[in-house]
Amino acid sequence: MHRASRLLLPLVLSIGTVAAEGPADPVHPARLKTVAATAAAPDIPFHDYDFQWEQQLLELANQSRQQAGLQPLTLDSGLSAAARLHARAMLEAGQLSHRFDGEPALANRLAVATRLQLDQAGENVAFDHDAAQGHDHLMHSPPHRANLLNPAYNVVGLGVVHNRGAGGEDRLYIVQDFGHAFPSYIPAEVKERVAVGLNQMRRQASEPDLKRHDLPNADDAACSMAQADKLGTAPIHELAQHYSVLTFTTLLPDQLPAGINNAIAGRGLRNFSVGACYARTETYASGIYWVVVTLE
């Protein structure tokens, strides 16, 4: 917490970038239970939210990013729902914090609130007189400025609630929840992108393209991994009795894991199949694509 003069600077807190876990290791799969995918949190009917100040904070943030040569942030309603809930929690507690007792960690509460696929997240919180002063003070604080001008972030949620004192003084609790969101694909698009990448690997190895013949149970096998939150499942082992099998998780289906190059470049291969399934699990709270490739 950064404390300074009551009249010149707000009380502010900052949390740095929180990197989501990367793709699960095929050799050492995660051993955590699956949690169901959660719908985006609805707007909460609190009357103390100030949408005008939230909009001004967005405009000021994007002005600063433009001046720094960065892409603007896109406002996400789910992230804003999470930010507003946390701003209300600070109001009720009468203090600034990134996490109160009984409150999930930042990555988890953002994952519950939005359907965006996030691999990075960060948060600024502040207590100030208005949005303009709040933005100015945050920009003059190095850790908060780093969040506002993080080139990786492309989405934001904003929450502002009023703290009306007994003497009539009005102050604002401000929450800015930042994230880096990936594009979303339906399973068919994931499989197509994986297939294209696979044959690109073949060409780089000076090998002919493989023919794609998707197995009817390939998607079910991929979903079995998502349900178990691990790469090794009974349906996968069953496929391995008949084919060479590759399994992995990814947020970028255009980019295949480097470790599969040798398997893909095998000279005796002729055909392949791709199965894909999207799910949010305890390991991947923001969601990830589970992929199985069979080779023959």
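Quick note: numbers below take in every heavy atom, side chains included, and nothing from hydrogens, waters or symmetry partners.
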Less than 4.5 Å apart, any side-chain heavy atom of [X] and any of [Y]?
X	Y	answer
Asp128	His137	yes
Val194	Leu256	yes
Tyr153	Leu73	yes
Thr250	Gln255	no
Leu172	Val161	no
Asn147	Gln176	no
Ser64	His135	yes
Thr114	Val155	no

Check whether [X] reaches the backbone of [Y] with its side chain - one donor and one acceptor, N or O, closer than 3.5 Å.
X	Y	answer
Ser80	Asp76	yes
Asp177	Val156	no
Glu92	Ala89	no
Asp214	Gly275	no
Asn199	Leu210	yes
Arg65	Asn150	yes
Arg202	Gly266	yes
His140	Asp136	yes

Report the C-alpha separation of Val291 and Thr247 in whole Å, then their side-chain angles, then the decisive distance to 0.1 Å, and conclude whether the side-chain contact (heavy atoms from CB on, under 4.5 Å) test is met. CA-CA 6 Å; Val291 179; Thr247 59; over 6 Å; no

Show your reasoning for whether side-chain contact (heavy atoms from CB on, under 4.5 Å) applies to Gln71 and Gln66. CA-CA 7 Å; Gln71 293 297 311; Gln66 183 180 24; over 6 Å; no

Atom of [X], atom of [Y] and distance for their closest heavy-atom approach:
X	Y	result
Ala263	Leu295	O-CD1, 3.8 Å
Ala276	Val190	CB-CG1, 3.9 Å
Leu148	Ala61	CD2-CB, 3.9 Å
Arg280	Arg115	NH2-CA, 2.7 Å
Met90	Val175	CE-CG2, 3.4 Å
Thr233	Ser224	OG1-OG, 2.8 Å

In one Ile/Leu/Val/Met/Phe/Trp/Tyr side-chain cluster, 4.5 Å: [X], [Y]:
X	Y	result
Phe272	Val196	no
Leu149	Ile174	yes
Leu252	Ile288	yes
Leu158	Leu60	no

Kindly state each residue pair satisfying ring-ring contact (aromatic ring centres under 6.0 Å, His included) with at least one member in residues 182-236, sequence neighbours excluded.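 As it turns out, the ring-ring contact (aromatic ring centres under 6.0 Å, His included) pairs with a partner in residues 182-236, which skip direct neighbours, are His180-Phe182.
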
Does His162 form a ring-ring contact (aromatic ring centres under 6.0 Å, His included) with Tyr173? I'd like the steps, not just the answer. CA-CA 6 Å; His162 289 271; Tyr173 280 103; over 10 Å; no

Any luck finding a side-chain donor-acceptor pair between His86 and Glu103 under 3.5 Å?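 Per modelled atom types, His86 and Glu103 side chains form a pair under 3.5 Å.
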
From [atom1] ([X]) to [atom2] ([Y]), nearest 0.5 Å:
X	Y	atom1	atom2	result
Leu110	Phe178	CG	CZ	11.5 Å
Lys191	Leu198	NZ	CG	14.0 Å
Asn62	Leu70	CG	CG	10.0 Å
His237	Gln241	NE2	CD	9.5 Å
Thr281	Lys230	OG1	NZ	13.0 Å
Ser286	Leu116	OG	CG	8.5 Å

Hey, mind stepping through Leu106 and His98 against side-chain contact (heavy atoms from CB on, under 4.5 Å) and telling me if it holds? CA-CA 8 Å; Leu106 175 63; His98 288 292; over 6 Å; no

Verify salt bridge (charged side-chain N to carboxylate O under 4.0 Å, His left out) between Asp130 and Arg171, making sure each step is shown before the conclusion. CA-CA 7 Å; Asp130 56 43; Arg171 302 285 289 275; over 6 Å; no

Any ion pair linking Glu296 and Lys211 (charged N to carboxylate O, less than 4.0 Å)?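 Between Glu296 and Lys211 there is no salt bridge, as every charged N stays at least 4.0 Å from the carboxylate O atoms.
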
Where at least one partner belongs to residues 197-282, residue pairs that pass disulfide (SG to SG under 2.5 Å), sequence neighbours excluded: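 Residue pairs with at least one partner in residues 197-282: Cys223-Cys277.
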
Is there a side-chain contact (heavy atoms from CB on, under 4.5 Å) between Val274 and Val292? Walk through the geometry before answering. CA-CA 6 Å; Val274 184; Val292 56; over 6 Å; no

Would you please name every residue forming a side-chain hydrogen bond (donor to acceptor under 3.5 Å, both in side chains) with Asp209, sequence neighbours left out?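 Per chain and number, Asp209 pairs via side-chain hydrogen bond (donor to acceptor under 3.5 Å, both in side chains) with Arg203.
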
Checking ring-ring contact (aromatic ring centres under 6.0 Å, His included) between Trp290 and each of Tyr284, Tyr278, Phe248, which is the one that passes?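 With Trp290 as partner, Tyr284, Tyr278, Phe248 yield a single ring-ring contact (aromatic ring centres under 6.0 Å, His included), made by Tyr284.
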
Give the intermediate values and the outcome of salt bridge (charged side-chain N to carboxylate O under 4.0 Å, His left out) for residues Arg99 and Glu123. CA-CA 11 Å; Arg99 187 177 185 183; Glu123 181 173 83; over 6 Å; no

Mark yes when over 12 heavy atoms from residues, nucleotides or ligands other than Gln95 sit less than 6.0 Å from its CD; otherwise mark no.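 Count over threshold, so yes.
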
Taking atom CD of Glu189 as the centre, report whether more than 12 heavy atoms of other residues, nucleotides or ligands fall under 6.0 Å from it.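 Correct, the count exceeds 12.
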
Quickly, which of Leu215, Asn271, Val293 forms a side chain to side chain contact (heavy atoms under 4.5 Å, CB included) with Tyr243? Name it, please.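 Testing each of Leu215, Asn271, Val293 against Tyr243, the sole residue satisfying side chain to side chain contact (heavy atoms under 4.5 Å, CB included) is Leu215.
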
